[in-house]
**Student:** 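The structure under discussion is supplied below as structure tokens; questions concerning it will follow.
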Amino acid sequence: MASNTNICGICSLRQITKTSDHWCPECEEALCNECKDHHKLLKATRRHEPIPISSYKSLPSFITDIQQSCDNHNEQYQLYCNQHALPLCLQCINDHSNCNVTSLEKVTSNVKTSGQFLDLESRLGDLLQNIERIKKNREANVTDIEKLREQHIKEIKQIRVEINNHLDNLEKQVLEELKEKEYQCKESIQKVLLPVKERGSIITQCQLNFKSIKDYASDLQTYIGMRDLEVKVDENEQYLQSLIDTKGLEHLDLVYKVDTNVQNIFNNLKSCWSIEIKIT
């Protein structure tokens with residue numbers, strides 16, 4: 001981002017301090033309303049499309065840090081090195097004589113309507129949607145486990161009434177086992193849910209960045225900035241696939257079983273139930 005986007009750059013050169021209202025991506029300069037009007041009248045800049053300064057400030061830093069001109073030679077970028085994924089000015093070409101170099105206009109033209117750009121937009125949406133589905137699925141499983149635990153407690157207490165004092169110790173044991181199995185289920189689910197939520201936050205920010213790029217970034221900034229977003233999308237797509245491959249999305253249930261010989265509990269039954277984790 002420019003060092004000071006709050007002050008009109010042209011007025012500043014005239015030793016005048018004036019608040020900026022617009023930003024010209026091509027000139028990389030902040031403009032006040034008056035200078036913007038002159039900007040649109042000049043032959044050299046009349047084709048430029050200034051954007052509101054607030055829109056420029058909404059762009060992510062990795063986009064605004066992309067320069068429109070060469071720092072080494074102080075010239076506008078006109079070429080693009082496909083081998084090094086770098087924009088070049090006419091003087092930079094000497095360092096890339098053996099590279100696959102093409103015109104910058106060719107690689108950036110219509111980039112926001114290109115298949116690659118639209119595919120990235122679609123993948124971001126799909127990725128966030130899948131993360132939200134997994135979050136809801138895991139959270140629902142936690143709720144199911146809690147409901148099943150409450151249901152089983154009622155069933156256990158009903159049996160306890162029937163077998164009275166002899167069941168006191170067994171009840172204590174099974175409740176502890178139930179709590180432990182519930183803890184194991186929740187712990188297993190949270191191991192997936194917590195990182196998934198973190199991934200959701202990352203992709204949400206990526207999607208916000210993408211929308212901002214789509215609306216306000218220059219074609220060059222968009223083309224280069226897409227590489228960073230594609231890396232994050234690839235990484236998170238692989239992460240979601242790894243959840244499936246490592247069986248991280250298996251559904252857990254608490255299964256309650258009553259021994260069929262419960263009527264003989266006073267005579268020889270040591271335990272009349274078991275708590276299990278069912279995976280589907």
**Student:** Going by heavy atoms in the side chains, are C32 and T19 under 4.5 Å from each other?
**Tutor:** no
**Student:** Is it true that K197 and E139 have a side-chain N and a carboxylate O under 4.0 angstrom from each other?
**Tutor:** yes
**Student:** Are there over 12 heavy-atom neighbours, none belonging to N98, within less than 6.0 Å of that residue's CG?
**Tutor:** no
**Student:** Work out which heavy atom in G125 is nearest to a heavy atom in Q207; give both atom names and the distance.
**Tutor:**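 Answer, listing the atom of G125 first, then Q207: CA-NE2, 3.6 Å.
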**Student:** Which atom pair, heavy atoms only, marks the closest approach of L252 to N141?
**Tutor:** O-ND2, 2.9 Å
**Student:** Starting from L86, can I reach I63 by hopping between I/L/V/M/F/W/Y residues whose side chains sit under 4.5 Å apart?
**Tutor:**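 No: no chain of side-chain contacts under 4.5 Å links I63 to L86.
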**Student:** Output a table of donor-acceptor pairs, distance under 3.5 Å, between side-chain atoms of residues 45-53 and any protein atom two or more places apart or on a different chain; print 'none' if there are none.
**Tutor:**
unit_1: T45; atom_1: OG1; unit_2: H39; atom_2: O; d: 2.5
unit_1: R46; atom_1: NH2; unit_2: L41; atom_2: O; d: 3.3
unit_1: H48; atom_1: ND1; unit_2: H39; atom_2: NE2; d: 3.4

**Student:** E180 versus E177: any side-chain heavy-atom pair under 4.5 Å?
**Tutor:**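 In short, these two side chains do not touch, never coming nearer than 4.5 Å.
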**Student:** Using a strict threshold of under 4.0 Å (side-chain N to carboxylate O), is an ion pair present between R199 and E235?
**Tutor:** yes
**Student:** For the atom pair CG (L90) and SG (C70), what is the distance rounded to the nearest 0.5 Å?
**Tutor:** 10.0 Å
**Student:** Is the backbone of G9 close enough, under 3.5 Å, to the side chain of S12 for a donor and an acceptor to pair up by distance?
**Tutor:**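 Not at all, since once roles are kept as given, no pair shorter than 3.5 Å links the two residues.
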**Student:** Apply salt bridge (Lys or Arg N to Asp or Glu O under 4.0 Å) to D234 and list each qualifying residue two or more places apart in sequence or on a separate chain.
**Tutor:**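 Per chain and number, D234 pairs via salt bridge (Lys or Arg N to Asp or Glu O under 4.0 Å) with R123.
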**Student:** May I ask you to say whether E132 pairs ionically with K136, meaning some side-chain N is under 4.0 Å from a carboxylate O?
**Tutor:** no
**Student:** So, S20 side chain and T5 main chain: donor-acceptor pair closer than 3.5 Å or not?
**Tutor:** yes
**Student:** May I have all residue pairs that pass side chain to side chain donor-acceptor pair (under 3.5 Å) and include part of residues 208-217, sequence neighbours excluded?
**Tutor:** S58-S212, E121-K214, Q205-N209, K211-D215
**Student:** Might you work through the side-chain contact (heavy atoms from CB on, under 4.5 Å) test for E28 and S69, ending with a clear yes or no?
**Tutor:** CA-CA 9 Å; E28 295 184 301; S69 57; 3.9 Å; yes
**Student:** In terms of hydrophobic clustering (I, L, V, M, F, W, Y; side-chain heavy atoms under 4.5 Å; direct or indirect links), are V196 and I202 co-clustered?
**Tutor:** no
**Student:** Assess the pair Y223 and F117: is the distance between their ring centroids shorter than 6.0 Å?
**Tutor:** no
**Student:** Using the side-chain contact (heavy atoms from CB on, under 4.5 Å) rule, take H38 and E34 through it: C-alpha gap first, then chi angles, then the decisive distance, then the call.
**Tutor:** CA-CA 7 Å; H38 290 299; E34 182 179 354; 4.0 Å; yes
**Student:** Ignoring hydrogens, what is the shortest heavy-atom contact between L31 and C24? Give both atom names and the distance.
**Tutor:**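 Taking every non-hydrogen atom into account, CD1-CB, 4.2 Å.
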**Student:** Under 3.5 Å, is there a donor-acceptor pair between the side chain of T113 and the main chain of N110?
**Tutor:**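 Yes: the side chain of T113 pairs with the backbone of N110.
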**Student:** How about H96 and H84: do any of their side-chain heavy atoms sit closer than 4.5 Å?
**Tutor:**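 The answer is yes; the side chains approach within 4.5 Å.
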**Student:** Applying a strict under-4.5 Å side-chain criterion to I, L, V, M, F, W and Y, I'd like to know whether V231 and L120 cluster together.
**Tutor:** no
**Student:** Distance-only, no hydrogens or angles: does the Q221 side chain make a donor-acceptor pair with backbone N or O of S218 under 3.5 Å?
**Tutor:**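 Yes, Q221 side chain to S218 backbone: donor-acceptor pair under 3.5 Å.
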**Student:** Please check if the side chain of D219 supplies one atom and the backbone of S109 the other of a donor-acceptor pair under 3.5 Å.
**Tutor:**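 Here the side-chain-to-backbone pair does not exist.
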**Student:** With a 6.0 Å cut-off (strictly less than), is the heavy-atom count around CD of E105, excluding the residue itself, greater than 12?
**Tutor:**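 Open.
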**Student:** Taking the side chain from S122 and the backbone from D119, do they hold a donor-acceptor pair closer than 3.5 Å?
**Tutor:**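 No, S122 side chain to D119 backbone: no donor-acceptor pair under 3.5 Å.
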**Student:** Report yes or no: does T64 contribute a side-chain atom to a donor-acceptor pair with the main-chain N or O of S61 at less than 3.5 Å?
**Tutor:** yes
**Student:** Side chains of Q76 and C89: closer than 4.5 Å at any heavy-atom pair?
**Tutor:**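 Result no, sub-4.5 Å side-chain heavy-atom pair not found.
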**Student:** Find out whether L249 and L243 are in side-chain contact, i.e. whether some heavy atom of one side chain is under 4.5 Å from a heavy atom of the other.
**Tutor:** yes
**Student:** Tell me whether Y80 shares a hydrophobic cluster with I93, the cluster being built from Ile, Leu, Val, Met, Phe, Trp, Tyr side chains joined at under 4.5 Å.
**Tutor:** no
**Student:** Looking only at heavy atoms, which two atoms of G200 and I131 are closest? And how far apart?
**Tutor:**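 For G200 versus I131, the nearest heavy atoms are CA-CG2, 3.5 Å.
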**Student:** Do N6 and K57 pass the side chain to side chain donor-acceptor pair (under 3.5 Å) test, and can you show the C-alpha distance, the side-chain angles, and the key distance before you say yes or no?
**Tutor:** CA-CA 10 Å; N6 298 317; K57 291 180 178 180; 2.4 Å; yes
**Student:** Honestly curious: do I7 and Y56 fall in one hydrophobic cluster under the side-chain, below-4.5 Å linking rule?
**Tutor:** no
**Student:** For K232 versus N236, what's the shortest heavy-atom pair and its separation?
**Tutor:**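 Where K232 meets N236 most closely, the heavy atoms are O-ND2, 2.8 Å.
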**Student:** Go through F210 and I203 one step at a time and tell me if the side-chain contact (heavy atoms from CB on, under 4.5 Å) criterion holds.
**Tutor:** CA-CA 10 Å; F210 186 92; I203 295 305; over 6 Å; no
**Student:** Might you point out which heavy atoms bring R149 and L178 nearest each other, and give the distance in Å?
**Tutor:** CG-CD2, 3.6 Å
**Student:** Between K112 and A217, is there a donor-acceptor pair closer than 3.5 Å when you use the side chain of the first and the backbone of the second?
**Tutor:**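 Indeed, once roles are kept as given, a pair shorter than 3.5 Å links the two residues.
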